[in-house]
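Since we're looking at a predicted model, the values are computed, not measured.
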Amino acid sequence: MRARFANRTATSDFFAGSSNGPRRILAVDYGSKRVGLAISDDLQCTARPLMILHRKNRRELFRHLRNICSEYGVVRILVGHPLHLNGDSGPMAEEASRFAAGLRRDLGVDVELVDERLTSWEAGQTMKQTRLSPRKKTSHLDDVAAAILLRDYLNRKRGLVSEPVPGEA
């Protein structure tokens, strides 16, 4: 499994090793080939893309996620739940649910399924506005989608936006 890391700051490295430890949230945009990751800051105010993992097998993916949780002081993992626009669950949503259950069981951290409708579309719109090459734009969609998922979750948690109504897009 290959991982592509986003630029990390000295601040994140400092907090990752502190004794009190940060209380970060990791967002996962789970896909059949790639898994996009985003991380909150230790105050759970901001979200940033972290990396993309290329899937080979579940055991190796869980090992990478366990290491990331340990390194960054993750206390909660959000797994994107790819529902259809009408709110129905399809095969990928069911696979994401099984993945979330496995993370909960194997990693021992809180895991929450979060509606991810339109995050990939918003990530695509965001990437269109960058000056990256088309290839780089495409290669960053999954971690940007995870960051959007996390940003929206943090905003709802702080009461900056209302909770989505089930069945509405």
Side-chain angles (χ1 to χ4, degrees), residues 1-31 34-55 60-83 93 96-97 99-127 129-130 132 136-137 139-164:
M1 179 172 291
R2 296 182 334 236
R4 182 176 40 75
F5 291 85
N7 292 334
R8 293 182 10 199
T9 64
T11 305
S12 67
D13 292 337
F14 171 78
F15 282 115
S18 68
S19 59
N20 291 342
R23 305 195 47 85
R24 296 188 180 175
I25 299 173
L26 179 71
V28 178
D29 182 38
Y30 183 75
R34 293 180 310 276
V35 178
L37 303 177
I39 192 85
S40 74
D41 64 310
D42 59 316
L43 298 175
Q44 299 180 3
C45 294
T46 62
R48 69 176 173 89
L50 181 63
M51 69 178 71
I52 294 175
L53 299 175
H54 296 271
R55 286 184 47 188
E60 189 162 335
L61 179 58
F62 278 29
R63 183 180 60 77
H64 278 291
L65 292 172
R66 187 176 301 106
N67 290 341
I68 290 165
C69 288
S70 176
E71 179 182 352
Y72 286 93
V74 171
V75 295
R76 171 167 288 176
I77 298 175
L78 307 177
V79 175
H81 199 214
L83 300 171
S97 294
F99 175 73
L103 283 176
R104 191 176 296 115
R105 182 181 59 248
D106 292 354
L107 272 58
V109 298
D110 289 334
V111 178
E112 185 176 339
L113 277 172
V114 178
D115 185 350
E116 70 168 23
R117 282 179 278 185
L118 300 178
T119 57
S120 293
W121 176 83
E122 186 177 343
Q125 296 302 304
T126 299
M127 295 307 293
Q129 298 172 8
T130 67
L132 296 174
K136 285 199 179 211
K137 286 178 185 182
S139 70
H140 283 282
L141 281 178
D142 298 305
D143 56 351
V144 171
I148 291 167
L149 174 79
L150 180 53
R151 178 205 64 199
D152 292 350
Y153 174 86
L154 294 172
N155 286 342
R156 281 192 306 275
K157 185 176 159 190
R158 289 194 312 264
L160 298 177
V161 294
S162 61
E163 288 289 327

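Here E112 contributes atom CD and R104 contributes atom CZ; the two are 9.0 Å apart, rounded to the nearest 0.5 Å. Expressed to the nearest 0.5 Å, how far CG of L107 lies from SG of C69 amounts to 5.0 Å. Once rounded to the nearest 0.5 Å, the distance linking CD1 of I77 with CD1 of I39 reads 9.0 Å. Rounding to the nearest 0.5 angstrom, the gap separating the OG atom in S40 from the CZ atom in R23 is 11.0 Å. The line from OG1 of T46 to CG of D41 is 3.5 Å long, rounded to the nearest 0.5 Å.
Residue S97 comes nearest to L113 through the heavy atom pair OG-CD1, 3.4 Å, listed as atom of the first residue, atom of the second, then distance. What you find for A96 and G80 is that their closest heavy atoms are CB-O, 3.7 Å. Contact detail for A47 and A147: the closest heavy-atom pair is CB-O, 3.6 Å. Closest approach of G36 and A146 over heavy atoms only: O-CB, 3.6 Å. In terms of heavy-atom proximity, D29 sits nearest to A145 at OD2-CB, 3.7 Å.
Contact check for V114 versus L149: side-chain heavy atoms found under the 4.5 Å cut-off. Contact annotation: the side chain of R55 never approaches that of R34 to less than 4.5 Å [non-hydrogen atoms, C-beta and beyond]. With a 4.5 Å cut-off on side-chain heavy atoms, Y30 and L61 count as touching. Proximity of L65 to L103: side-chain heavy atoms (C-beta onward) are separated by under 4.5 Å at one or more points. In this structure, D152 and L150 have side chains that are not in contact, with every pair of non-hydrogen atoms separated by 4.5 Å or more. Within the 4.5 Å cutoff, the side chain of I25 has heavy atoms near those of the L78 side chain. Taking the side chain as every heavy atom from C-beta outward, I68 and L26 approach each other to under 4.5 Å. Between E60 and L53 the shortest side-chain heavy-atom distance does not fall below 4.5 Å.
Residues satisfying the side-chain contact (heavy atoms from CB on, under 4.5 Å) test with D106, not counting sequence neighbours, are F62, R66.
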Exercise. Can you check side chain to side chain contact (heavy atoms under 4.5 Å, CB included) on V111 and V79, steps first, answer last?
Worked result: CA-CA 7 Å; V111 178; V79 175; 3.9 Å; yes
For this session: Applying side chain to side chain contact (heavy atoms under 4.5 Å, CB included), run through D42 and R24 and close with a yes or a no.
Result: CA-CA 5 Å; D42 59 316; R24 296 188 180 175; 4.0 Å; yes
For this session: For L37 and V28, run side chain to side chain contact (heavy atoms under 4.5 Å, CB included): C-alpha distance rounded to whole Å, both residues' side-chain angles, the deciding distance at 0.1 Å, then the answer.
Result: CA-CA 5 Å; L37 303 177; V28 178; 3.7 Å; yes
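Judged purely by distance below 3.5 Å, without hydrogens or angles, the side chains of Y153 and R158 never pair a donor atom with an acceptor atom.
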